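These notes concern the structure reproduced below.
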Amino acid sequence: MNASNFVEGVDLSLYVILGISVFFLIAITFVMIYFLFKYRKKNNPVATNIPHNTLLEIVWTVIPTILVLIMFWYGWIGYKPMLTAPSDAMEIEAVGQMWKWTFKYPDGKVSDSLVIPIDKPVKLNLKSIDVLHSLYIPAFRIKRDVVPGQDFMMWFTGQKLGTYDIFCAEYCGQLHSYMLSSCTVVSEDDYNNWLTSGPNLSNEHPGLTLLKTNACLSCHSRDGSRIIGPSFKGLIGRQEVIIRDGNREEIIVDEEYIAGKIKNPNTSEVETYQAGLMASYGDILSDDDIKNIIDYISTL
Amino acid sequence: MEHSFSLPNSGHNYDAKASKLGMWLFLYTELLLFGGLFMVYMVYRALNPDAFLIASFNLNVWLGTINTVVLLTSSMTVAMSITAIQKGNSKLSLILLALTVAAAVIFLVIKYFEWGAKIEHGFWPGMDHFTNLPFGEQLYFYLYFFMTGLHGLHVVVGMVFILIVMKKIKNGSQNKNKNQLLENSGLYWHLVDLIWIYLFPLFYLIH
Amino acid sequence: MEDSYHITGYAEHFGTWVSLILLTFMTVFISVFGADLNTLTVATALFIASVKALVVAYYFMHLKYDPKIYRIMILIVMSMFVIFLIMLIFDYLTR
Amino acid sequence: MTGTSASQPSYLDVTKGLFSWIFTLDHKRIGLLYLYTVGSFFLVGVILGVIMRLELFNPGADIIEAQTYNQVFTLHGVIMVFLFIIPSIPAVFGNFFLPIMLGTDDVAFPRINLMSWWLYVIGAIFALGTLIFGDGPADTGWTFYAPYSVKTGTNVSMTVLAAFVLGFSSILTGLNFIVTIHRLRAPGMGFNDMPLFSWALYATSWIQLLATPIIGITLLMILAERVLGIGLFDPAIGGDPILYQHLFWIYSHPAVYIMALPAMGIVSEIIPTFSQRTIFGYKAIAYSSMGIALVGYFVWGHHMFTSGMSGPSAWIFSLLTFFVAIPTSIKVFNWLATLYKGSIDIEVPLLYALAFIFNFLIGGLTGLVVGALAADVHLHDTYFVVGHFHYVMLGGTGFAFIGGLHYWFPKMWGKMYNKAVAKLAFAIIFIGLNILYFPMLILGVMGMPRRYYDYLPEFHTLNQVSTVGSWIMVTGLIIMLVNLFIAHRKGKKAPDNPWNGITLEWQTKSPPPLYNFDKMPKLAKGGPYNYPNAKNS
Ligand code: HEA
Ligand code: HEA
Ligand code: CUA
Ligand SMILES: [Cu+2]
C-alpha cells in the first residue's frame with residue numbers, strides 16, 4: 001500500500017518521463033560517440049555535405065511531439081485529483097508562521113504535529129500569518145504553498161501507518177530549514193484517543209502554552225540568549241533603546257509596551273534587531289491571551 | 001586612428017534608419033515597463049471592482065480631461081515641428097518645440113495640484129486617513145501614485161530630450177537633412193502621450 | 001539623403017489632433033453621462049483609448065508611412081502583451 | 001585606398017593604457033572588458049557555491065550561520081544569474097564576434113555599447129556593495145519573493161536596484177544587436193546566410209528587449225514598498241503575493257532562454273567546423289531559436305504549480321512548457337546529424353560542445369520531469385530543481401561558454417593554448433560536474449527541499465558526494481584557467497584559421513585589426529557552412 005492516495009499518480013508520471021528520458025539520453029549519447037569514432041578524420045578524410053532531409057526532420061518533430069503529449073497527460077491526471085477535496089474530508093487548519101507549523105483541530109485541539117486517522121481523507125486549510133511557506137510531505141508526494149491573505153487548501157488520505165516528515169518547502173527566512181514537523185498516520189481508535197487525551201501541555205503556565213503555539217519561542221528565547229528577537233528573560237523592567245518614527249528613545253519596558261508590541265510590532269523597533277520580521281498578533285491573540293503572556297514573561 | 005579600408009555597411013556611419021529602428025525598440029521596452037503596471041492594475045481591479053470605483057470618485061475628471069487635451073496638443077506640435085524641419089523651416093520647428101515644452105510644463109503643474117490636493121486630504125501612503133481606507137482602495141491609490149508618478153517622470157525626461165534637441169537645432173546640427181534625433185524625441189514624446197491615453201480612462205473614467 | 005521620405009503636412013496633423021480631441025470628449029461623455037451602458041463602460045473606454053492610440057501611432061508617429069516591418073513588429077509586441085494579460089487574468093478568473 | 005595588410009596593427013595594439021580600454025568604442029575591446037568582469041564575478045560566485053557545499057558537507061551548523069548561508073545562496077544566485085550567465089555569451093562573444101561574422105566593423109551603436117558595459121559595472125558595484133552597506137546582502141533567494149523580501153532587514157533594496165541597472169544594461173545590448181543584424185550585414189548576406197550564432201543572438205536579443213522591462217518594473221515595485229511604503233503586494237490591504245510571482249517569472253522564464261540560446265548558437269558553430277561539413281538543417285536550427293523565444297514567453301506559470309494557481313491555468317502552462325521542448329529537441333537531432341559523414345577532428349572545443357549536448361540533455365529532460373504537473377508537485381523547490389538548473393546553466397551554458405573560449409581563443413589573442421592540458425581540464429570539469437549535480441537530482445526525488453541550511457540525516461551521504469564533486473570541478477577550473485593564462489602570456493602564435501573554419505571571423509587576421517577586415521570578406525557560396533572541400537551528396 002502506498003503512503004498516500006497521490007503516490008501512485010505522481011510516481012507514475014515520474015516513471016513515464018524518466019523512462020523516456022533515460023532512453024533518449026542513452027540513445028543520443030551512444031549515437032554521438034559512435035559517429036565520433038566512425039567519422040573521425042582518420043577514418044573519413046572527406047566529409048559529405050548533407051544540407052537537410054525533410055522526411056527525417058518530420059519524423060523527429062512528430063515523435064517528440066507525441067511523447068511530450070503523453071508526458072503531459074500523465075502529469076495532468078496525477079495532478080487533477082489534488083485540486084478538489086472530497087466533501088466528506090475531515091478539516092484541519094494548518095497555520096504556517098516563522099518558523100513553526102500549528103495544526104488546529106475542529107474540536108479545539110491544537111498541536112504542533114499532525115496526527116490523522118488512516119484511510120480517511122483529510123483537508124488542510126492553509127493559513128499564513130506572515131510570509132510564504134509551503135507544506136510538503138515527501139512521502140505523500142504532496143506540497144502546497146501557504147500564502148498570507150489567501151485561503152488555500154490541500155488534501156490527502158494517509159494509507160499506511162507511520163510517521164512522515166513535514167518540511168517547509170518555500171523559503172521563509174532564517175530558520176526555514178528548521179520549520180519541520182511530522183505527520184503521523186494512526187488507526188481510527190488511536191486517533192480518537194489522541195484527540196481526547198486533552199491538552200498535553202496541561203500543567204504549564206497558560207502564557208507559556210500561548211508562546212509555544214504562536215511560535216514566539218522560535219524568535220524569543222527564555223534563557224537570555226539572543227536569537228532573532230530580544231530574549232524574554234528579564235524583559236519587564238529592562239532598559240533599552242528603541243527607534244520610533246525615526247527617533248531613538250530610551251525606554252523601560254513595561255506591560256503596556258509589551259502589549260502594544262504584540263498588537264502592532266512595527267510602530268517601533270528595538271535597536272540592533274531586525275525590524276519588520278515580527279507579524280502583528282492583534283487579530284490572533286485576545287486581550288486575555290496577552291495578559292497571560294505578560295504574566296508568564298514576568299516570571300522569567 | 002586612421003584606417004585604410006572601410007567596409008560598405010559600417011557601424012561608424014551615420015545611419016538614420018538604424019537610429020530610428022533603435023528608438024522604436026527602446027519604445028517597446030518602455031511600453032512593457034508600463035505594461036507590468038497595467039497587469040497589476042488589471043488583476044487588482046478584477047479582484048476589487050467596487051473599491052476601485054469608489055476610490056476613483058476622489059479624482060477630478062475635468063482636470064484629467066484638461067491634461068489629456070494638453071498632452072494631445074503637445075503631441076501635435078511635436079509632430080508639426082518635424083514637418084517644419086523637414087521642409088527646412090528650423091525657426092518654425094523651434095517655436096513648435098517651445099510650445100511642446102510649455103504644454104509639458106502645464107501638464108506637470110496641473111498634476112502637481114492634483115497630487116497636492118490628494119496629499120492635503122491625507123491620501124498619501126502612510127498618512128492616517130490613507131491607512132484607514134477600506135480594503136482595495138489603498139491599492140487603487142498606490143497604483144495611481146505609482147503609475148502617474150512614473151508617467152510624470154517620463155514627461156520630465158521627454159522634456160529634457162526636447163530641450164536638448166532644440167539646442168541642436170539652434171546650432172544647426174539638426175537640420176533639413178539630418179533630423180533623426182528630433183524624430184526620435186518626437187517618438188518618445190508620442191509614447192508618453194500614448195501611455196496617458198490609457199491611464200486617463202483607467203483612473204479617471206471608472207463607472 | 002539617398003531615399004526620399006514622406007513629409008506629413010500640417011493640415012494632416014491638425015486633422016489628427018481634431019479627431020483625437022473629439023474622441024477624448026466622447027469617452028468622457030460616455031463615462032460621465034452615459035452610465036446606462038453599465039459594465040460596457042470599461043470596454044468602451046478601452047476601445048476608444050485603443051482607437052486613439054492607433055491614431056497617434058499611425059499619424060503622429062508616422063507608422064502609416066513607415067516600412068511594413070515597423071507595423072509587423074509593433075503588432076507582434078502588442079499581441080504578446082495582450083496574451084500576457086489574458087493568461088494572467090485567466091488564472092485569477094478560474095481560481 | 002590601398003593599405004597592405006602587414007601595416008595594420010591589431011585591435012590589441014592600436015592604443016595603449018587603461019583609458020584606451022575602459023572608454024573604448026571598439027566592440028572587440030568591449031567584449032574583452034565584459035570577459036574580464038564577467039569572469040571575475042563568476043569566480044566570486046564559484047567561491048560562494050563552494051562555501052555552500054562545504055557547509056552542507058555535514059548536517060548542522062559547520063562553518064557559517066543560518067542567516068549567512070541564506071545570504072550566500074542569494075548572492076550566489078544573483079551573481080550567477082544577473083552578473084554571469086545572462087551577460088556571458090551575448091556580451092562577451094556576441095560583442096566580439098557578431099560584427100565580424102556579419103562582415104562589418106562594429107555594432108550599430110558603439111557608444112550605447114560602451115554605456116551598457118558601464119551600466120553593467122555600476123550594477124555589479126551595487127550587487128556586491130551590499131556586502132559593505134546596509135545590513136548585509138539580501139537573504140531572499142534570487143527570486144525576491146514578496147512578502148519576505150519586503151519584511152527582511154537585509155539590504156534587499158540595493159540588490160534589487162542592482163538587478164534593475166543590470167537589466168538596463170542587458171536591454172541595451174539586445175537593442176544594439178537587433179539593429180546591427182538588421183542594418184549592418186555585409187552586402188549580399190541575407191538573413192538566411194547569417195551564421196547560426198547570429199541567429200541565436202537575434203532571438204536572444206528579442207527576449208532581452210521584451211522581457212527585461214517587466215522584471216525592471218516588478219523590482220521597482222518591491223523597492224517602492226520597501227522605501228516608500230507603497231505596498232502593492234501587501235496581503236493586509238488586499239495585495240496578492242502570487243501576483244508578484246507571476247510578474248517575476250514572466251521575465252525570468254524567458255531569461256532562461258537568454259541563457260540557453262546563445263549557448264546553442266556556439267554549439268551550432270563548433271560542430272560544423274570540426275565536422276568540416278555543412279550544418280544539417282540550417283533553417284530548422286535558425287527558426288527553432290525564434291520558436292523557443294516565442295513560446296518561451298508563455299510558459300512562466302510552470303514555476304508556480306504549487307502556489308495556488310488554478311487548475312485550468314496549470315494545465316495550459318504545463319502543456320506549453322512541453323511544447324518548448326520540441327524546438328530544442330529538433331536542434332539536438334540536427335547537431336547529431338551534422339556529425340554524420342563529417343570528417344571529425346576531435347579538438348577541445350568539440351569536446352565541450354558534445355559535453356554540452358550530454359549535460360543539456362540531462363538538464364532538459366529533468367526539465368520535462370518538473371514540467372509535468374504531478375511530478376512537479378513532489379519535486380518543486382527540492383534539490384531536483386537545483387540539479388535541473390545547474391545542469392542546464394553550468395553543464396549547458398557554462399560548457400558552451402568555455403567551449404567558445406577555446407574555440408575563439410586563437411582569434412581573440414592570436415595565441416594557441418596547450419591542447420593536451422586543455423583536454424585534461426575538460427575531463428576533470430566534466431566528471432566533477434556530474435559528481436556534483438547528479439546526487440542533487442536523487443536528493444530531490446527523496447524529498448530534500450532547497451535553500452536548506454540544515455538537513456535530516458538520511459540526506460547525508462549524497463550531500464557529501466556532491467561536495468566532493470565541487471572540489472573536483474574547481475580543480476578542473478583552475479587547471480583550465482592557468483592553461484589559458486599561460487597561453488595568453490606566452491603561447492605559440494596561432495594561425496589566422498587554426499580550425500579551418502569558414503565563417504567570416506576566420507578570414508581576418510588573428511588577432512583582428514581595429515576595423516576587423518583589411519579587405520572585403522568573401523561570403524561562402526551556398527550558405528554560411530558550405531565547405532568547398534566536402535563532397536556533395
Ligand atoms: C539555462 C537555463 C534553463 C533552461 C534552458 C531550462 C530549460 C527548461 N526548463 Fe528550467 N529552470 C531553470 C533554468 C533553465 N531551464 C532555472 C534557473 C530554474 C529554477 C529557478 C528557481 O526556482 O530558482 C528552472 C526551473 C524549471 C521549472 C520549475 C521547477 C520548480 O521550481 O518546480 C520547470 C518546470 O516546468 C522547468 C522546466 C524546463 C523545461 C521543460 C525546459 C526545456 O526548455 C528543456 C528542453 C530540452 C530538452 C527536452 C532536451 C533535448 C531534447 C531531446 C534530446 C529530445 C528528446 C525529448 C523529448 C522526448 C521531448 N525549469
Ligand atoms: C550560472 C549559474 C550558476 C553556476 C555556474 C553555479 C555554480 C555553482 N553552484 Fe549554484 N545556483 C545558481 C546558479 C549557478 N550556480 C542559482 C541561480 C541558484 C539558486 C539560488 C537561490 O536559491 O536563490 C543556485 C543555488 C545553488 C545551491 C543551492 C542552495 C540551496 O538551495 O540551499 C547550491 C548548493 O550546493 C549551489 C552550488 C553551486 C556550486 C558548488 C557551483 C560552482 O561553484 C561549481 C563549480 C564550477 C566551476 C568550477 C566552473 C565551471 C566553469 C565555467 C562554467 C566557465 C568558466 C569561465 C570563465 C572562468 C570565464 N548552487
Ligand atoms: Cu516556512 Cu520555509
Ligand atoms: Cu522556467
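Keep in mind the model is a prediction, meaning the values are calculated, not measured. Side chains included, hydrogens not; waters and symmetry mates left out as well; all remaining heavy atoms used. Chain letters run A, B, ... following the sequence lines, proteins first and then strands; every chain starts at 1.
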Proximity breakdown for [X] and chain A, heavy-atom pairs closer than 4.5 Å:
| X | result |
| --- | --- |
| D:T152 | both |
| D:A146 | backbone |
| D:F384 | neither |
| D:I330 | both |
| D:S275 | backbone |
| D:M304 | neither |
| D:F323 | side chain |
| D:F358 | both |
| D:N334 | both |
| D:N533 | backbone |
| D:L354 | both |

Minimum heavy-atom separation for [X] to [Y], with atom names?
| X | Y | answer |
| --- | --- | --- |
| D:P449 | A:A169 | CB-CA, 4.3 Å |
| D:K151 | A:M278 | NZ-O, 4.4 Å |
| D:M446 | A:P138 | O-CB, 4.2 Å |
| A:Y79 | D:M309 | OH-O, 4.4 Å |
| A:I28 | D:F333 | CD1-CE2, 4.0 Å |

Does A:N49 use its side chain to pair, donor to acceptor, with the backbone of D:R277 at less than 3.5 Å? no
Check: A:S13 side chain, D:A374 main-chain N or O, donor-acceptor pair, under 3.5 Å: no
Is [X] close to chain D through its backbone or its side chain, or both, or neither, when contacts mean heavy atoms under 4.5 Å?
| X | value |
| --- | --- |
| A:M153 | neither |
| A:V10 | both |
| A:I228 | neither |
| A:P148 | both |
| A:F152 | side chain |
| A:Y273 | neither |

Is any side-chain heavy atom of [X] less than 4.5 Å from a side-chain heavy atom of [Y]?
| X | Y | value |
| --- | --- | --- |
| D:P241 | A:L132 | yes |
| D:Y148 | A:M98 | yes |
| D:D139 | A:Q174 | no |
| A:K143 | D:T382 | yes |
| A:L25 | D:I362 | yes |
| D:I346 | A:R40 | yes |
| D:K283 | A:E57 | no |
| D:D454 | A:H176 | no |

Please rank [options] by heavy-atom pairs under 4.5 Å with chain A and give me the top one.
| options | answer |
| --- | --- |
| D:Y529, D:F322, D:Y452 | D:Y452 |
| D:N70, D:V150, D:T321, D:L361 | D:N70 |
| D:A372, D:A375, D:S307 | D:S307 |
| D:V332, D:D234, D:I242 | D:I242 |
| D:G141, D:P147, D:A66, D:G239 | D:P147 |
| D:D345, D:L319, D:L368 | D:L319 |

Around atom [atom1] of [X], are there more than 12 heavy atoms from other residues, nucleotides or ligands closer than 6.0 Å?
| X | atom1 | value |
| --- | --- | --- |
| D:F438 | CZ | no |
| A:F37 | CZ | no |
| D:E458 | CD | yes |

Among [options], which has the most heavy-atom pairs under 4.5 Å with chain D?
| options | answer |
| --- | --- |
| A:A139, A:G9, A:P64, A:G173 | A:G173 |
| A:L12, A:N53, A:L18, A:V16 | A:N53 |
| A:C168, A:S177, A:C172 | A:S177 |
| A:D145, A:V31, A:D130, A:T61 | A:D145 |

Show the numbers, then the answer: is there a side chain to side chain donor-acceptor pair (under 3.5 Å) between A:N44 and D:S343? CA-CA 5 Å; A:N44 190 29; D:S343 174; 5.8 Å; no
Which is it for D:R450 and A:E170 under the side chain to side chain contact (heavy atoms under 4.5 Å, CB included) test, yes or no, and what are the steps along the way? CA-CA 8 Å; D:R450 64 191 278 207; A:E170 184 65 69; over 6 Å; no
In terms of the angle between their ring planes, are D:F459 and A:F167 parallel, tilted or perpendicular, with boundaries placed at 30° and 60°?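 The arrangement is tilted - the two ring planes meet at 30° to 60°.
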From CA spacing to verdict: side chain to side chain contact (heavy atoms under 4.5 Å, CB included), A:L36, D:L350: CA-CA 10 Å; A:L36 210 57; D:L350 184 69; 4.1 Å; yes
CA sep, side-chain torsions, deciding dist, call: D:D240, A:Q150, side chain to side chain contact (heavy atoms under 4.5 Å, CB included): CA-CA 8 Å; D:D240 181 9; A:Q150 306 278 337; 3.1 Å; yes
With a 6.0 Å cut-off on the ring centroids, do D:Y340 and A:Y39 count as close?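 Between D:Y340 and A:Y39, the centre distance is under 6.0 Å.
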Taking the six-membered ring for Trp, are the ring centroids of D:Y282 and A:H52 within less than 6.0 Å of each other?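 When the ring centroids of D:Y282 and A:H52 are compared, they turn out to be at least 6.0 Å apart.
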Show your working on side chain to side chain contact (heavy atoms under 4.5 Å, CB included) between D:L365 and A:I17 and close with a plain yes or no. CA-CA 8 Å; D:L365 295 165; A:I17 303 174; over 6 Å; no
Enter the distance from D:M448:CE to A:D165:CG here, rounded to the nearest 0.5 Å.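 Here the rounded value is 12.5 Å.
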Check whether the side chains of A:Y136 and D:H378 place a donor and an acceptor atom closer than 3.5 Å, and report yes or no. yes
Going by residue number, which parts of residues 65-77 of chain A are within reach of chain D, meaning a heavy-atom gap below 4.5 Å? A:T65, A:V68, A:L69, A:M71, A:F72, A:Y74, A:G75, A:W76
